[in-house]
Amino acid sequence: VVSTQSTGHSERRHVFGETDEQIGKKTKVALESGLMVVACIGEKLEERENGETLDVCVKQLTAFKDNIDNWDNVVIAYEPVWAIGTGKVATPEIAQQTHSDIRSWLGSHVSYDVAEKTRIIYGGSVNGKNCGDLAAQPDIDGFLVGGASLKPEFIDIINCCRK
């Protein structure tokens, strides 16, 4: 039985060409079907280097907002595309700033209550060595783990989230 669906993952956006509009509609259908949704957002390296991180995230968040009536079953995953599978990872400070910006945007454009309750997780090359510093940040509520979930260090990531 499927209970959770990710929408907006970088491969769907950048490999399969899904648009923000399509992703928003898929999210709406998933929520209406009773699924929990992990709504993925994030920028490419060029966008980060051009100072466009927040602009890209807001555009992607807006497509979700336009299709979500009730945020109770939504988790936001910030995945800097430049960090997925590359071994590069945002510093804890960079990740925290982006998570804080996302939470502030939710408060201004959805509601303060949604901003406080919505889990915002980090999904950019989390591993056993960096998970503790990332988890210590006040706006990082957990992780979306990819390749590291196939390695023995995954237990370290699980354990750091228990603290």
Side-chain angles (χ1 to χ4, degrees), residues 2-86 88-126 130-131 134-146 161:
V2 174
S3 62
T4 305
Q5 170 66 45
S6 68
T7 58
H9 194 274
S10 62
E11 279 96 2
R12 299 299 309 177
R13 291 179 188 275
H14 304 296
V15 176
F16 294 99
E18 285 187 359
T19 65
D20 292 332
E21 181 181 353
Q22 290 170 319
I23 292 164
K25 288 178 180 177
K26 286 173 66 173
T27 301
K28 182 179 182 76
V29 170
L31 290 168
E32 288 173 348
S33 299
L35 297 175
M36 174 169 274
V37 170
V38 178
C40 302
I41 63 170
E43 81 283 9
K44 295 185 277 187
L45 182 59
E46 180 180 313
E47 294 165 332
R48 171 157 263 325
E49 290 174 344
N50 290 335
E52 299 170 351
T53 297
L54 186 57
D55 294 336
V56 171
C57 290
V58 163
K59 183 176 180 286
Q60 295 168 352
L61 282 167
T62 299
F64 286 115
K65 178 185 83 72
D66 291 347
N67 287 280
I68 297 173
D69 296 322
N70 180 341
W71 288 76
D72 289 348
N73 289 319
V74 177
V75 172
I76 296 173
Y78 169 59
E79 311 180 283
V81 178
W82 51 270
I84 298 171
T86 65
K88 295 180 182 180
V89 65
T91 65
E93 296 78 18
I94 289 171
Q96 166 56 29
Q97 182 60 57
T98 305
H99 281 236
S100 176
D101 290 343
I102 292 165
R103 198 170 303 283
S104 293
W105 184 88
L106 286 172
S108 298
H109 294 87
V110 180
S111 77
Y112 178 77
D113 188 53
V114 166
E116 289 296 308
K117 290 181 180 177
T118 299
R119 295 188 67 212
I120 305 172
I121 60 177
Y122 178 77
S125 292
V126 176
N130 64 25
C131 62
L134 288 163
Q137 302 305 309
D139 288 299
I140 297 178
D141 300 319
F143 304 118
L144 181 63
V145 182
C161 291

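Counting from 1, the numbers follow the sequence of the chain as shown.
- Considering every non-hydrogen atom in both Gly107 and Ala115, the closest pair reads N-CB, 3.4 Å.
- Within the 4.5 Å cutoff, no side-chain heavy atoms of His99 are placed close to those of Arg103.
- Residue Thr7 holds its OG1 atom at 13.5 Å from NZ of Lys28, rounded to the nearest 0.5 Å.
- With Glu18 as reference, Arg12 is the one residue of Lys25, Arg13, Arg12 to meet the salt bridge (charged side-chain N to carboxylate O under 4.0 Å, His left out) rule.
- Taking the side chain as every heavy atom from C-beta outward, Ile76 and Leu61 approach each other to under 4.5 Å.
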Quiz item: How far apart are the C-alpha atoms of Asp20 and Phe64, what are their side-chain angles, what is the distance that settles it, and do they pass the side chain to side chain contact (heavy atoms under 4.5 Å, CB included) test?
Solution: CA-CA 8 Å; Asp20 292 332; Phe64 286 115; over 6 Å; no
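- The heavy-atom pair separating Val75 from Met36 by the smallest distance is CG2-SD, 4.4 Å.
- Side chains of Val56 and Arg48 form no contact here, defined as non-hydrogen atoms less than 4.5 Å apart.
- Side-chain contact between Pro138 and Gln96: present, with at least one pair of heavy atoms (C-beta onward) separated by less than 4.5 Å.
- Enclosure of atom CD in Glu21 is not indicated, since only 12 or fewer non-hydrogen atoms of other residues, nucleotides or ligands lie within 6.0 angstrom.
- Summarising the geometry, atom OG belonging to Ser100 is positioned 14.5 Å from atom CH2 belonging to Trp105; distances are rounded to the nearest 0.5 Å.
- Leu35 and Val2 get closest at one heavy-atom pair: CD2-O, 3.3 Å.
- Although no hydrogens or angles enter the test, the distance criterion places no donor-acceptor pair under 3.5 Å between the side chain of Asp141 and the main chain of Ile121.
- Scanning both residues, Ala83 and Tyr122, for their nearest heavy atoms gives CB-OH, 4.2 Å.
- Contact between Asn67 and Ala63 at its shortest, heavy atoms only, is ND2-O, 2.8 Å.
- When each of Gln97, Lys44, Glu43, Glu47 is checked for a side-chain hydrogen bond (donor to acceptor under 3.5 Å, both in side chains) with Thr53, only Glu43 meets the rule.
- Rounding to the nearest 0.5 angstrom, the gap separating the CG atom in Asp139 from the OG atom in Ser104 is 7.5 Å.
- Results of the side chain to side chain contact (heavy atoms under 4.5 Å, CB included) test with Ser6 over Leu144, Thr27, Val38, Val37 single out Val38 as the only residue that passes.
- The shortest distance between side-chain heavy atoms of Leu31 and Asn70 does not fall below 4.5 Å.
- Pairing each heavy atom of Thr98 with each of Cys57, the nearest pair is CG2-SG, 4.5 Å.
- Taking the side chain as every heavy atom from C-beta outward, Tyr78 and Gln60 never approach each other to under 4.5 Å.
- No more than 12 heavy atoms of other residues, nucleotides or ligands sit less than 6.0 Å from atom CD of Glu46.
- Taken from NE2 in His9 to CD1 in Ile41, the straight-line distance is 13.0 Å, to the nearest 0.5 Å.
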